[in-house]
Asker: 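Can you read through this structure? Questions will come right after.
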Amino acid sequence: MMQGDSYSLGIVILNNAGSPVIPGDVRDVEITIGHMKKTFRNAEITFSDGVWFFPISQKESFGMWPSAVKAQVRVAWANGVVEGQPIYGIRNEESLSKEVL
């Protein structure tokens with residue numbers, strides 16, 4: 001990802017058995033990337049074909065420092081248990097242009 005990018009990051013969440021987590025399994029899913037936190041319950045993230053989508057606007061990506069970005073997912077299961085895991089491999093590269101297109 002580069003500062004100024006605007007798209008949805010696709011994230012596959014697997015349960016302990018290795019199966020994809022789907023909306024019917026959970027009360028909520030929270031994804032935090034850098035300083036941005038979005039939830040499924042608030043309709044800020046979406047789900048389609050086994051993938052959770054975390055939308056990022058140009059303004060949001062410009063607000064992130066160029067570096068490896070800390071990220072995590074937390075799942076509130078239907079039975080009330082809440083579990084979290086780190087997400088690795090998200091990098092935000094510096095953009096030479098700082099203009100929102």
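Hydrogens, waters and symmetry mates play no part in the numbers below; they use all other heavy atoms, side chains included.
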Asker: Quick check: closest heavy atoms across Val51 and Ile11, and the distance to 0.1 Å?
Answerer: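 Here Val51 and Ile11 meet closest at CG1-N, 3.5 Å.
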
Asker: Could you grab the distance from atom CZ of Phe62 to atom OG of Ser97, nearest 0.5 Å is fine?
Answerer: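 Phe62 CZ to Ser97 OG: 5.5 Å, rounded to 0.5 Å.
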
Asker: Taking Thr32 for the side chain and Gln72 for the main chain, is one N or O donor matched with an acceptor at less than 3.5 Å?
Answerer: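 Side chain of Thr32 to backbone of Gln72: no pair is present.
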
Asker: Hydrophobic cluster membership, with links at side-chain heavy-atom distances under 4.5 Å among I/L/V/M/F/W/Y: are Val12 and Tyr88 in one?
Answerer: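 No; tracing contacts between hydrophobic side chains, which count when under 4.5 Å, never links both residues.
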
Asker: To the closest 0.5 Å, what do you measure between CG (Leu101) and CD (Gln58)?
Answerer: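 Output value for this atom pair is 5.0 Å.
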
Asker: Does atom CD of Gln85 have more than 12 heavy-atom neighbours, drawn from other residues, nucleotides or ligands, at distances under 6.0 Å?
Answerer: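 Check fails, neighbour count at 12 or below.
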
Asker: Check whether any side-chain N or O of Trp52 sits under 3.5 Å from a backbone N or O of Val21 as a donor-acceptor pair, and report yes or no.
Answerer: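 Answer holds: yes.
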
Asker: Can you tell which of Glu94, Lys98, Glu93 makes a side-chain hydrogen bond (donor to acceptor under 3.5 Å, both in side chains) with Gln3?
Answerer: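 Exactly one candidate clears the test, Lys98.
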
Asker: Please determine whether residues Leu14 and Ile45 belong to a single hydrophobic cluster, defined as Ile, Leu, Val, Met, Phe, Trp and Tyr linked transitively by side-chain heavy-atom distances below 4.5 Å.
Answerer: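 Unlinked, Leu14 and Ile45 end up in two clusters.
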
Asker: Write down the atom of Met64, the atom of Ile33, and the distance for their closest heavy-atom approach.
Answerer: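 Looks like CE-CG2, 4.0 Å.
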
Asker: Going by the side-chain contact (heavy atoms from CB on, under 4.5 Å) test, name the single residue among Met36, Glu44, Glu60, Lys38 that passes it with Pro55.
Answerer: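 With Pro55 as partner, Met36, Glu44, Glu60, Lys38 yield a single side-chain contact (heavy atoms from CB on, under 4.5 Å), made by Lys38.
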
Asker: So among Phe47, Phe40, Trp77, which one has a side-chain contact (heavy atoms from CB on, under 4.5 Å) with Val29?
Answerer: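 Of the listed residues Phe47, Phe40, Trp77, the side-chain contact (heavy atoms from CB on, under 4.5 Å) partner of Val29 is Phe40.
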
Asker: Rounded to the nearest 0.5 Å, what separates atom CD1 in Ile56 from atom OH in Tyr7?
Answerer: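 Between Ile56 CD1 and Tyr7 OH, I get 6.5 Å after rounding to 0.5 Å.
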
Asker: Are the side chain of Ser61 and the backbone N or O of Gly4 linked by a donor-acceptor pair below 3.5 Å?
Answerer: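 Yes, Ser61 side chain to Gly4 backbone: donor-acceptor pair under 3.5 Å.
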
Asker: Is it true that a side-chain atom of Ser67 and a backbone atom of Val69 form a donor plus acceptor pair closer than 3.5 Å?
Answerer: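 Here the side-chain-to-backbone pair does not exist.
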
Asker: Could you state the interatomic distance from OG (Ser48) to CZ (Phe53), rounded to the nearest 0.5 Å?
Answerer: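 If we round to the nearest 0.5 Å, Ser48:OG and Phe53:CZ are 5.5 Å apart.
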
Asker: Output every pair passing side-chain hydrogen bond (donor to acceptor under 3.5 Å, both in side chains) with a member in residues 19-31, not counting sequence neighbours, ordered by first then second residue.
Answerer: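 The answer is Asp28-Arg41, Glu30-Arg74.
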
